[in-house]
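Encoded as structure tokens, the structure appears first; notes follow it.
Chain A is the first sequence line, chain B the second, and so forth, proteins listed ahead of strands; every chain is numbered from 1. Everything numeric in this text was worked out from a predicted model, so none of it was measured.
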Amino acid sequence: MNAADIRIIASPESWIDQVAVDQLRQTAALPGIDAVVGMPDLHAGRGIAVGAAFWSRSHVYPHLVGSDIGCGMGLWRTGIARRKFRADAAERRLHGLDQTWPGDRAGRLAAVGLPPAAGEALGTIGGGNHFAELLRVETVIDAALFAEAGLDAGAVHLMVHSGSRGLGQAILDRHRSRFNVAGLAAEDPACAAYLAEHDAAIRWAVLNRAVIAERFLDRLATRGERLLDLCHNSVTRHRDGWLHRKGAAPADGGLVVIPGSRGDMTYVVRPRPDRADDALQSLAHGAGRKWSRSEARDKLSRRFRIADLERTRLGSRVICEDRDLIFEEAPQAYKDIHQVVRDLQQAGLIDPIAMLCPLLTYKVRRA
DNA sequence: ATGTGC
């Protein structure tokens, strides 16, 4: 059997980790994989490269979606005026958000057709690269699309990056205990069973981001309107097959937010439909790691104090009461978001709409 | 990534 074609969307000046390219090759050689696309934020993952899309005419591979099924980005316009925003006051208000959400968890899950599974975690951000962030508008690139998107240069915006917490993990664990990393033929009843669980995890993750946003807006005594919500870990029907996205934003679901690191800009972009199929209807989902978590810890803990990393070069602040995590997630550990977006633009895949600048990033707080 | 793993 021949390995699937691999396309990597990156200009020569963009650095791509060879380990990630090797991981892409391995995945391309799996039975039934017909097309593979690496995004400019491609980086090595645990066996599977992150920042990639995989298409198969015949098989669904749960391990290509990974454990955080439905992980993605939501963006809200808040009622806070940019000129009235005070970071000190916001920081004082943002407490208790890692604790169990005291709201009607079962009720909210039932409202989207879900059982109370993993309900305790609903409304919590989780760890790793997840966050909630307040941003101001830095640059409007396309005024007409900006207004159409519901963005407002005078308003603070809220971005939420989280997923399905323990639920997606449990679904992948169950699959792996039976099939390990083997794919499921589309006609196998186990495939339909996995997809049903996957779809439930997607709904759980979307609801989770909405509840997280509600909690933050509530603490900040404001309201918000959701402008977009997109999953970058999923498997969906595409043409006559199955499209797996592993850290790849969908190009067929409206406007897309592409965050840089927690000390860099975030772009709002419009996907261009003309060449989207060649990129498996997918885009970069962020800046992508330059250093592994352990590399970032080693290098940055020698050069910086925690307090240095709680403020960024853009003047924003970072709430992260986890010593290791603040080094692992430092901006220095990530690639340049401007280059990632340029690569997508040069490939004819997007039109940039706006650039947003972080004001305050919330990662984790003990109480 | 993970109601985490030693």
Would you mind classifying the nucleic acid contact of Arg165(A) as base, sugar-phosphate or nothing, using non-hydrogen atoms under 4.0 angstrom?
sugar-phosphate
Answer yes or no: is there an ion pair linking Arg105(A) with Glu120(A), defined by an N-O contact shorter than 4.0 Å?
yes
NA contact type, Gly66(A), heavy-atom cut-off 4.0 Å: base, sugar-phosphate, or nothing?
nothing
Length of the line joining Ile125(A):CD1 and dG3(B):P, which is rounded to integer Å
14 Å
Taking CH2 from Trp204(A) and P from dG3(B), how many angstroms apart are they, rounded to a whole number?
8 Å
Salt bridge between Arg365(A) and Glu91(A), side-chain N to carboxylate O under 4.0 Å?
yes
Classify Gly168(A) by what it touches in the nucleic acid, base, sugar-phosphate, or nothing, heavy-atom distance under 4.0 Å.
nothing
Is the cationic atom of Arg262(A) (NZ for Lys, CZ for Arg) positioned less than 6.0 Å from the six-membered ring centroid of Phe131(A) and within 45 degrees of its normal?
yes
What is the distance, to the nearest angstrom, from the CG atom on Leu122(A) to the P atom on dG3(B)?
12 Å
Any carboxylate oxygen within less than 4.0 angstrom of a Lys/Arg side-chain nitrogen, looking at Asp34(A) and Arg57(A)?
yes
In whole angstroms, how far is the P atom of dG5(B) from the CG atom of Asp173(A)?
10 Å
When we call it a touch if two heavy atoms are under 4.0 Å apart, what does Gly163(A) touch: a base, just sugar-phosphate, or nothing?
nothing
